[in-house]
Every structure is written in structure tokens, then in C-alpha cells.
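Computed from a predicted model, the values in this text were never measured in an experiment. FYI, side chains are in, hydrogens and waters are out, and symmetry mates aren't considered; it's all heavy atoms of this structure.
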Amino acid sequence: MFTPDQVARVCENLEETGDMERLGRFLWSLPAAVPGAAGEALNRHESVMRARALVAFHGGNFEALYQILQSHRFTRESHAKLQDLWLDAHYREAERLRGRPLGPVEKYRIRKKFPLPRTIWDGEQKTHCFKERTRSLLREWYLQDPYPNPSRKRHLAQATGLTPTQVGNWFKNRRQRDRAASAKNRLQQDPSLLPSGSSPECSSSEHNPHLQGSSLHRPGSPENSDCSSGTEPQGTRASTPDISVSSDSEYES
């Protein structure tokens, strides 16, 4: 008979390997009801509860997943992974009902309909999608080096709690916005660069290739936000954050 700490260590090791099938078999091998204090300790152990959530998700048992995530208060170290499970499960349920993949706007609506439970969210307010301290750190690094190499991306990802891909997307989109703003400023300062009969306001993006597809749109539009997927335009954001962050565009998935 395993002790609760031994069960937790096995769960952690199997979680690290990513072998959800073995993790599921191990959890199923445990007694259905452990008597006394040992059973209570097992059901309170975060590693065990996180393992149960992972197995429920990978088995498609989303109702069990939601019940686990909402009934146990997890520590901050587990939040990012469990937030991903919560959102991905709701995405998959919606895709199953629609019979097709969700678009970015549909995912945005799902995130607003099913906000993160407080058991897997530390309650810190966010500016758009990224927490303010994350955005501040990204901006500081951007000023030092707009083109970070893979090693610096990994280091910054570790410091912010993002993934290297999310960091790379943020830097890429920030560079695009800066190039677009710089090109627009040049056109406004030197109207001779414009075709005859054009004005900077109406022609900057139409006639300059650097501005096409850029973020020079109305304030609050998805292209003009400084986040990655999933929050409301500035000034209308809700108090519950969204965490599916893969690029700087507000409605990107």
C-alpha cells in the first residue's frame, strides 16, 4: 500500500514523462476509497489532483475535469497548466457541437462564457491578456534587444511564465507595430513621399507596403491591442483574465 506522498511522487514522475496512459492506469490501480486520514491526505494532495485532472482531460471526460478544477484550490505553480486544460476542454466541447474547428472570435466568446474559476487563478488583474508585470518585462527586454535569440527567448519565457513561442510572437508583433508606426510618421513628416493628391491619413496604409496588414486601425481593434488572444478591447475588458496567448492580436487563437 502506497503512502499519500509516495502516490504523489509517482504521479509527478509520470506527469513529467507525458505518459497519460500509464498515469491513468496507476490512478485506476489505487483503492477506490482509502480509509481515514490517509484518504483525506490523498484527496488533498495537489500532485494527485492535478494528475486526475490531466487524465480526465486526455480521456475526454470534461465534466470530471471541471469538477476537479472547481473543487480543489491549486497553488500558483499549477495554474498555467490547469488554465490551459480548462479552456482547451471548453474549446473541444464547442467544436464537437459545431462539427468544425473554432475560429479566433468563437474562441474569444468561449473564454468570456466560461471564465477561469478562482481555484486555478491567482486573482491578479491583467491589462488585456498578459499580466502587467509580464508586459513590463517584455517591454524592457524589447528595448534592449528587439531580436532575441532562442536562448534569450527561453530565459524570458521562464521569467514570465510564458512559452518561448508566445515570447517570440510577442516580439514579432511588437516589431511589426513599431515598423508600421515609424512608416506612418515618415509619411506625415514628409508628404512628398505620398502619391500626388493623397493625404497621410487616407493613403498611409494604401500606398505604403510597410503599412499593409499592419496595426494602423481604429483604437480597440484586434490588430491594435497589445495582448495575445482573448481579451476585450481596451476600456471594455472584463475582470476575469484570458490566458490562451499565442500572439499580440486580440482575437488570435
Hey, does the side chain of [X] reach the backbone of [Y] with a donor-acceptor pair shorter than 3.5 angstrom?
{"X": "Glu16", "Y": "Asn13", "result": "no"}
{"X": "Thr160", "Y": "Leu156", "result": "yes"}
{"X": "Arg22", "Y": "Leu14", "result": "no"}
{"X": "His72", "Y": "Met49", "result": "no"}
{"X": "Gln83", "Y": "Leu116", "result": "no"}

Quick one: are [X] and [Y] in side-chain contact, heavy atoms under 4.5 Å?
{"X": "Leu138", "Y": "Leu162", "answer": "yes"}
{"X": "Gln144", "Y": "Arg139", "answer": "no"}
{"X": "Val7", "Y": "Leu30", "answer": "yes"}
{"X": "Leu69", "Y": "Leu65", "answer": "yes"}
{"X": "Met20", "Y": "Phe57", "answer": "no"}

Reported [atom1]-to-[atom2] distance for the pair [X] and [Y], which is rounded to 0.5 angstrom:
{"X": "Glu12", "Y": "Glu15", "atom1": "CD", "atom2": "CD", "answer": "7.5 Å"}
{"X": "Leu137", "Y": "Arg135", "atom1": "CG", "atom2": "CZ", "answer": "12.5 Å"}
{"X": "Leu87", "Y": "Arg111", "atom1": "CG", "atom2": "CZ", "answer": "7.0 Å"}

Please name the pair of heavy atoms, one in [X] and one in [Y], separated by the smallest distance, quoted to 0.1 Å.
{"X": "Arg118", "Y": "Arg73", "result": "O-NH1, 3.3 Å"}
{"X": "Ile68", "Y": "Phe74", "result": "O-CE1, 3.9 Å"}
{"X": "Pro101", "Y": "Glu106", "result": "O-OE1, 4.2 Å"}
{"X": "Ala8", "Y": "His45", "result": "CB-CE1, 3.2 Å"}
{"X": "Phe171", "Y": "Pro148", "result": "CD2-CD, 3.5 Å"}
{"X": "Cys11", "Y": "Phe26", "result": "SG-CE2, 3.9 Å"}

Do Lys107's NZ or CZ and the ring of Tyr91 fall within the cation-pi criteria of under 6.0 Å and 45°?
yes
Could Arg92 and Phe62 be counted as a cation-pi pair, given that NZ or CZ must be under 6.0 Å from the ring centre and within 45° of the axis?
no
Using 30° and 60° as the class limits, which term best fits the ring planes of Tyr142 and Trp170: parallel, tilted or perpendicular?
perpendicular
Report the C-alpha separation of Val55 and Asn61 in whole Å, then their side-chain angles, then the decisive distance to 0.1 Å, and conclude whether the side-chain contact (heavy atoms from CB on, under 4.5 Å) test is met.
CA-CA 8 Å; Val55 170; Asn61 190 354; over 6 Å; no
For atom CZ of Arg25, decide whether the heavy atoms of other residues, nucleotides or ligands shown that lie under 6.0 angstrom number more than 12.
yes
Does atom NE2 (His155) have a neighbourhood of more than 12 heavy atoms from anything else shown, all under 6.0 Å?
no
Steps toward side-chain contact (heavy atoms from CB on, under 4.5 Å) verdict (Arg50, Leu82):
CA-CA 8 Å; Arg50 190 174 62 243; Leu82 298 179; 3.9 Å; yes
Checking side-chain contact (heavy atoms from CB on, under 4.5 Å) for the pair Asn173/Arg177: CA distance, chi angles, key distance, verdict?
CA-CA 6 Å; Asn173 290 325; Arg177 290 197 303 274; 3.9 Å; yes
side-chain contact (heavy atoms from CB on, under 4.5 Å) evaluation trace for Arg98 with Leu102:
CA-CA 8 Å; Arg98 291 167 172 77; Leu102 297 178; 3.5 Å; yes
Centroid-centroid distance, Tyr66 to Trp86, less than 6.0 Å:
yes
Arg174 and Asp178 ion-paired at < 4.0 Å
yes
With the threshold set at 4.0 Å, does a side-chain nitrogen-carboxylate oxygen contact exist between Glu95 and Arg100?
no
Just checking, is any N or O donor in the side chain of Gln70 or Thr119 under 3.5 Å from an acceptor N or O on the other one?
no
